[in-house]
Amino acid sequence: MRVGIDATALPPKPVGAGTYTVNLIRALHSLDLGYDLIVFATQRGQDLIDLPDKRGFKWVVTPELNPAVRLVWEQVVFPFLVRKNKLDILHSLHYTKPIFLPCASVVTFHDMTFFLFPQLHTQAKRILFPLFIRISVRQADALIAVSEGTRQDSIRLLNLPPQKIYTTPLGASQEYQKITDPVLLEDMRRKYKLPTGFFLYTGLVEPRKNLPMLIRAYASLLDQGIKEKLVIVGRVGWMSDEIFKLADRLGLDKKVVFTGYIDQNDLPAIYNLASVFVYPTLYEGFGLPVLEAMACGTPVITSAVSSLPEIVGNAGVLLPPADEEALSSAMFRLMSDPVERKRLASLGLARAAQFTWQNTALETSKIYQMVAGGQS
């Protein structure tokens, strides 16, 4: 069997779906699969995933294209590459697949925000992605959802037969762990000019992550005597201007720290330095930052929506995403109670250990084999 992996959509600074792409391919590479794996990626993407050639594993370098042109290339050129490499299955990792394929196909859905929150996407994405997602639903031999929440949303919103879509939960990389080296932590603190104890958010800086409410909730804590800063880590996303303007309007320029994108290799230390991780997102296909924070032993406050309860379980504080007062109260309570922080940190470490990229790869490989069996 020859299985192709479409990693052509991997961005230069991966988060979310990009993190999934990198770690799924690395985990599949580490397994003795018993079949050939052919990965299609740009040279930059290949360098980012950073895997050596080995028997049964092959790279195919594709051109570097902007997202709109890549979608055209995917439909017009990619099928010829698939045929040339004699694939039995193509796994498209980012919602869309070529309409005309000479082989079976598997497609991964990361969330259903294009249907639930279209206003939070660019106009081009609002038009193109719902169309291609519906094509994937009709044509793919199997679909993968990164959480049970996303699977159920897909079934409900797309009138999808439940037996066609499978859940493969994501994992926290081994780098995300409790760090006990004080020198390393202090070096990271100095590198990013971070305070001694702080609230932390990591992820895209955009309204869908509910950052305006987080900033307002944090502002109310300052009137209650909380002195710790709020550190917001992540690259700027769609419609982010209002977030920066809100922080300025509330006079938080010295209290809210926007670091921008941080190298993935440094993130585990940043989680370890934080006192409390806060992630009040409106919706999450999986919510990797929450899992990563728990794996680092950082107590978590997040939203009781979509996939997050299945990740957090009883190992964090779950709140309604629209309840600003509840968020502020939870942040005050947790920052003021070191015993409770320690308890949640311990529960989070145990919970996060259940989610690994190797398990993701094993479950994904089972789907390939099932699809191959159905095609024979």
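Starting from 1, each residue takes its place in the sequence as its number. Side chains are part of it too, since the values below use all heavy atoms of this structure and drop only hydrogens, waters and symmetry mates. Predicted model only: the values in this text are computed from it and were never measured.
- S105 approaches K97 most closely through the heavy-atom pair OG-CE, 3.1 Å.
- One distance of note links OH of Y218 with NZ of K255; it measures 5.0 Å at 0.5 Å rounding.
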Next on the checklist: Run Y35 and S365 through side chain to side chain contact (heavy atoms under 4.5 Å, CB included) and show every step you take.
Outcome noted: CA-CA 10 Å; Y35 52 82; S365 185; 2.7 Å; yes
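- By the rule that hydrophobic residues join a cluster once side-chain heavy atoms approach within less than 4.5 Å of another member, L230 and I262 end up as members of one cluster.
- Counting all heavy atoms, side chain and backbone alike, C103 lies closest to V82 at SG-CG1, 3.6 Å.
- Here CG of L28 is found 6.0 Å from CG of L33. Values are rounded to the nearest 0.5 Å.
- For F40, the ring-ring contact (aromatic ring centres under 6.0 Å, His included) criterion is met by F78, not counting sequence neighbours.
- Judged by distance alone, with hydrogens and angles left aside, the side-chain atoms of R26 form no donor-acceptor pair with the main-chain N or O of L51 at under 3.5 Å.
- Note: T167 OG1 to L143 CG = 11.0 Å, rounded to the nearest 0.5 Å.
- The main-chain N or O of I38 is never found under 3.5 Å from a side-chain atom of N85 such that the two would form a donor-acceptor pair.
- Across all non-hydrogen atoms, the minimal contact from L282 to V305 is O-CG2, 3.6 Å.
- Side chains of T62 and T8: a donor-acceptor N/O pair is absent below 3.5 angstrom, by distance only.
- Counting heavy atoms from C-beta on, the side chains of T302 and L318 come closer than 4.5 Å.
- Residues F129 and F109 share a hydrophobic cluster, clusters being chains of Ile/Leu/Val/Met/Phe/Trp/Tyr side chains in contact below 4.5 Å.
- Counting only distance, with no hydrogens or angles, the side chain of R2 and the backbone of D88 share no donor-acceptor pair below 3.5 Å.
- Under a hydrophobic-cluster definition in which Ile, Leu, Val, Met, Phe, Trp and Tyr are linked whenever side-chain heavy atoms come within less than 4.5 Å, directly or via other members, L308 and V278 are assigned to the same cluster.
- Under the 3.5 Å distance criterion, with hydrogens and angles disregarded, no donor-acceptor pair is assigned to the side chains of T360 and Y20.
- For the residue pair D266 and Y192, a side-chain donor N or O sits within less than 3.5 Å of a side-chain acceptor on the partner.
- In this structure, F244 and V205 have side chains that are in contact, with non-hydrogen atoms separated by less than 4.5 Å.
- The hydrophobic clustering, which links ILVMFWY residues whose side-chain heavy atoms are closer than 4.5 Å, places L65 and L93 apart.
- Every pair passing side-chain hydrogen bond (donor to acceptor under 3.5 Å, both in side chains) that includes a residue from residues 278-288 is listed here, sequence neighbours excluded: D153-Y283, K209-Y279, K209-E284, Y279-E284, T281-E284.
- In this structure, a donor-acceptor pair under 3.5 Å is absent between the side chains of N359 and E363.
- Interatomic distance, L319 CG to E324 CD, rounded to the nearest 0.5 Å: 12.5 Å.
- Centroid-to-centroid, the aromatic rings of W357 and F355 stay 6.0 Å apart or farther.
- For L327 against A217, the heavy-atom pair with the smallest separation is CD2-CB, 3.8 Å.
- In this structure, the side chain of R189 engages the main chain of T196 through a donor-acceptor pair within 3.5 Å.
- Annotation for S92 and P98: closest pair OG-CD, 4.3 Å, computed over non-hydrogen atoms.
- A salt bridge links E64 to R44: one of the charged nitrogens lies within less than 4.0 Å of a carboxylate oxygen.
- Under a cut-off of 6.0 angstrom, the local environment of NZ in K178 is crowded, with over 12 non-hydrogen atoms contributed by other residues, nucleotides or ligands.
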Item to check | Step-by-step side chain to side chain contact (heavy atoms under 4.5 Å, CB included) determination, W59 to I49 | outcome: CA-CA 11 Å; W59 289 104; I49 298 168; 3.8 Å; yes
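- The structure places CD of Q152 at 13.0 Å from OG of S306, a figure rounded to the nearest 0.5 Å.
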Item to check | Working for side chain to side chain contact (heavy atoms under 4.5 Å, CB included), residues I301 and R333 | outcome: CA-CA 11 Å; I301 300 171; R333 187 173 65 253; over 6 Å; no
Next on the checklist: What verdict does the salt bridge (charged side-chain N to carboxylate O under 4.0 Å, His left out) test give for K245 and E242, after you've listed the backbone C-alpha separation in whole Å, the side-chain angles of each residue and the deciding distance to 0.1 Å?
Outcome noted: CA-CA 5 Å; K245 289 176 182 176; E242 68 176 84; over 6 Å; no
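- No more than 12 heavy atoms of other residues, nucleotides or ligands sit less than 6.0 Å from atom CG of N159.
- Distance alone, capped at 3.5 Å, is enough to place a donor-acceptor pair between the T150 side chain and the G285 backbone.
- A 4.5 Å side-chain heavy-atom check between N265 and E175 finds every atom pair outside the cut-off.
- Looking at E148 and R151, a side-chain N of the basic residue comes within less than 4.0 Å of a carboxylate O on the acidic one, giving a salt bridge.
- Atom CZ of F286 is separated from atom CG of L291 by 5.0 Å, given to the nearest 0.5 angstrom.
- Annotation for Y261: hydrophobic cluster partners, listed by chain and number, are V15, L204 (ILVMFWY side-chain heavy atoms under 4.5 Å, direct or chained).
- The environment of K193 atom NZ is sparse: at most 12 non-hydrogen atoms of other residues, nucleotides or ligands sit within 6.0 angstrom.
- Annotation: Q174, atom CD; neighbour count of heavy atoms from other residues, nucleotides and ligands within 6.0 Å does not exceed 12.
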Next on the checklist: Apply side chain to side chain contact (heavy atoms under 4.5 Å, CB included) to residues H91 and L24 and explain how you reach the verdict.
Outcome noted: CA-CA 11 Å; H91 183 183; L24 174 64; 4.1 Å; yes
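- In this structure, R216 and L246 have side chains that are in contact, with non-hydrogen atoms separated by less than 4.5 Å.
- Side-chain heavy atoms closer than 4.5 Å link hydrophobic residues (I, L, V, M, F, W, Y) into clusters, and following such links, possibly through other members, connects V371 to V39.
- When all heavy atoms are compared, the tightest approach of V312 to G316 is CG1-N, 3.3 Å.
- Between C296 and I270 the shortest side-chain heavy-atom distance does not fall below 4.5 Å.
- In this structure, H110 has its ring center under 6.0 Å from that of Y95.
- Residues Q264 and V22 are not in side-chain contact: their nearest non-hydrogen atoms beyond the backbone lie 4.5 Å or more apart.
- Between the S346 side chain and the K342 main chain, no donor and acceptor come within less than 3.5 Å of each other.
- Between S173 and N23, some side-chain heavy-atom pair lies under the 4.5 Å cut-off.
- With a 6.0 Å radius and a threshold of 12 heavy atoms from other residues, nucleotides or ligands, Q163 has its CD atom above the threshold.
- In this structure, P169 and E310 have side chains that are not in contact, with every pair of non-hydrogen atoms separated by 4.5 Å or more.
- By the neighbour-count criterion of 12 heavy atoms within 6.0 Å, atom NZ of K164 is densely surrounded, having more than that number from other residues, nucleotides or ligands.
- Within a 6.0 Å radius of CZ in F117, more than 12 heavy atoms belonging to other residues, nucleotides or ligands are found.
- Judged purely by atom type and a 3.5 angstrom limit, N272 uses its side chain to pair as donor or acceptor with the backbone of Q177.
- For the residue pair E228/S275, the side-chain donor-acceptor check at 3.5 Å is not satisfied.
- S328 places no side-chain N or O within donor-acceptor distance of the main-chain N or O of E325, the cut-off being under 3.5 Å.
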